[in-house]
Number of protein chains: 2
Amino acid sequence: MYEGAVQDLIDELGRLPGIGPKSAQRVAFHILEADGEDMKRLADAITTVKEKVKFCAICFNVSEENTCRICQDSRRDPSLLCVVEESKDVMAIERTRSFRGKYHVLGGSINPIAGIGPDQLHIRELLSRLSDDTITEVIVATDPNLEGEATATYLYRMLGSIGIKLTRLASGLPVGGDLEYADDVTLGRAFEGRTVMS
Amino acid sequence: MYEGAVQDLIDELGRLPGIGPKSAQRVAFHILEADGEDMKRLADAITTVKEKVKFCAICFNVSEENTCRICQDSRRDPSLLCVVEESKDVMAIERTRSFRGKYHVLGGSINPIAGIGPDQLHIRELLSRLSDDTITEVIVATDPNLEGEATATYLYRMLGSIGIKLTRLASGLPVGGDLEYADDVTLGRAFEGRTVMS
């Protein structure tokens, strides 16, 4: 509908996740009217991220160096390994300040419909990290959804026999939530996992 | 939270309209994992739009040339001028195929709270386009909201005395809508503007 360059930009923006046609148009016009320097910074940020950011050779978290800051940090407990699906999950856990061990990013979850099986995830690399005796506990922190649970079950079957303690994040009622609005499965899990008050 | 380049990109994306922190993070990780060529095209589209796209010297619609395609099109009726707030509105009206005249893009609407008065809009240029006798009708197609109505009223006061026919887009019930869900003002306007059935 628009002339060349504007329509090209709308098309490219529309391919990004969560950006529909209306919002692509809105962002495109914002870019058109915004300060040239600001928009140069945006274009450069995209280019720079593609050039500079890689994945950590040890844990597959995003990193600008060969190994990420967490893997390089000698103050972190190397005996605890938290397995997550994505780099975003590492950041979410880091924000809680509840975990001082190391991570392993699988790069997704098992999803047969999307054609993602164990071989597409960094599970082989996880096994090789577990082969020396440094790690004593693996905390499986995949998402509490169908794919995440399938991945956790797969890991349990793979790792259950090698003598390392395997744990899973607790399921239950979200803090600040309302009991009556909790879904049945979550409420059921909250019952199963009830803890003794002290 | 993230390492340099990733956080820079999240920050830049978060400044775009309608993109909150979560969605900036999601888009940034998409960019990180997407095909390098695709992302080069996105960065280039941003740069190109800033370099190539200007505003039409006559109507202030977006254009890659000095004057836009609509102003250059000799098949369009030069006696009808539709005044809109933004280039997006030109496209919306073009999609209806109901209008074959020309446009004038004001570049916004009168909004005292945001510090936008008549002098910040292309109203002087509108007056100069009306100074020869080519244009016989001005259709005021500003948004049917507070700022759009204020702008329409201002234009009516400016142009009411120069002998050109001034019209305003009809207000009423949206087609396909439900009468009971229409707001009071819209329903009131639909009554005022009722038409004789034929």
Side-chain angles (χ1 to χ4, degrees), chain A residues 1-13 15-20 22-55 61-65 68-69 86-88 90-92 94-95 107-108, chain B residues 1-13 15-20 22-55 61-65 68-69 86-88 90-92 94-95 107-108:
Chain A
M1 277 301 289
Y2 289 92
E3 296 191 33
V6 180
Q7 191 59 49
D8 287 350
L9 180 58
I10 294 174
D11 291 346
E12 294 300 334
L13 291 168
R15 279 190 251 278
L16 297 173
I19 299 188
K22 285 270 165 185
S23 122
Q25 179 181 293
R26 192 169 160 212
V27 171
F29 274 93
H30 171 88
I31 290 173
L32 205 56
E33 285 156 19
D35 179 66
E37 273 306 300
D38 289 351
M39 292 307 112
K40 192 178 171 312
R41 274 213 313 282
L42 172 63
D44 288 349
I46 294 169
T47 315
T48 308
V49 132
K50 295 303 285 181
E51 282 168 7
K52 282 177 66 177
V53 181
K54 302 173 255 296
F55 295 94
N61 191 5
V62 288
S63 176
E64 290 185 22
E65 290 166 68
C68 74
R69 286 191 296 200
E86 313 271 4
S87 287
K88 285 177 273 209
V90 172
M91 287 303 139
E94 285 296 286
R95 276 196 295 269
Chain B
M1 278 299 291
Y2 289 91
E3 295 191 32
V6 180
Q7 191 60 49
D8 288 348
L9 180 58
I10 294 174
D11 291 346
E12 294 300 335
L13 291 168
R15 278 190 253 278
L16 297 174
I19 300 189
K22 285 270 167 185
S23 121
Q25 179 181 295
R26 192 170 160 214
V27 171
F29 274 94
H30 171 87
I31 290 173
L32 204 58
E33 285 157 18
D35 179 64
E37 274 306 301
D38 289 350
M39 292 307 111
K40 193 178 171 311
R41 273 212 314 280
L42 172 63
D44 289 348
I46 295 169
T47 315
T48 308
V49 132
K50 295 303 288 180
E51 281 168 8
K52 282 177 66 177
V53 182
K54 302 173 254 298
F55 294 94
N61 190 7
V62 289
S63 175
E64 289 184 23
E65 290 166 66
C68 75
R69 285 190 297 199
E86 314 270 3
S87 287
K88 284 176 275 210
V90 172
M91 287 303 138
E94 286 295 286
R95 276 196 294 269

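Chain letters run A, B, ... following the sequence lines, proteins first, then strands; residues in each count from 1.
With rounding to the nearest 0.5 Å, the separation of CD in B:Glu33 from CD in A:Glu86 is 6.0 Å.
For chain A, the option among B:Leu16, B:Asp8, B:Val27, B:Leu32 with the highest count of heavy-atom pairs below 4.5 Å is B:Leu32. Of the listed residues B:Lys52, B:Lys54, B:Lys88, the one with more heavy-atom pairs under 4.5 angstrom with chain A than any other is B:Lys88. Ranked by heavy-atom pairs shorter than 4.5 Å toward chain A, the options B:Ala43, B:Ala28, B:Gly36, B:Cys68 are led by B:Ala43. Heavy-atom pairs under 4.5 Å with chain A peak, among B:Pro17, B:Ser23, B:Ala34, B:Ala45, at B:Pro17.
By the 4.5 Å heavy-atom criterion applied to side chains, A:Phe55 and A:Val62 are counted as neighbours. With a 4.5 Å cut-off on side-chain heavy atoms, B:Arg95 and B:Met91 count as touching.
With a 4.5 angstrom heavy-atom cutoff, B:Glu51 does not touch chain A via any of its atoms. For chain B, the nearby part of A:Ile19 is the side chain; its heavy atoms alone come within less than 4.5 Å.
Looking at every heavy atom in both residues, A:Lys50 comes nearest to B:Ile31 through NZ-O, 2.8 Å.
Among residues at least two apart or in separate chains, side-chain hydrogen bond (donor to acceptor under 3.5 Å, both in side chains) pairs with a member in residues 37-49 of chain A are A:Asp38-A:Arg41, A:Lys40-A:Asp44, A:Arg41-B:Glu12.
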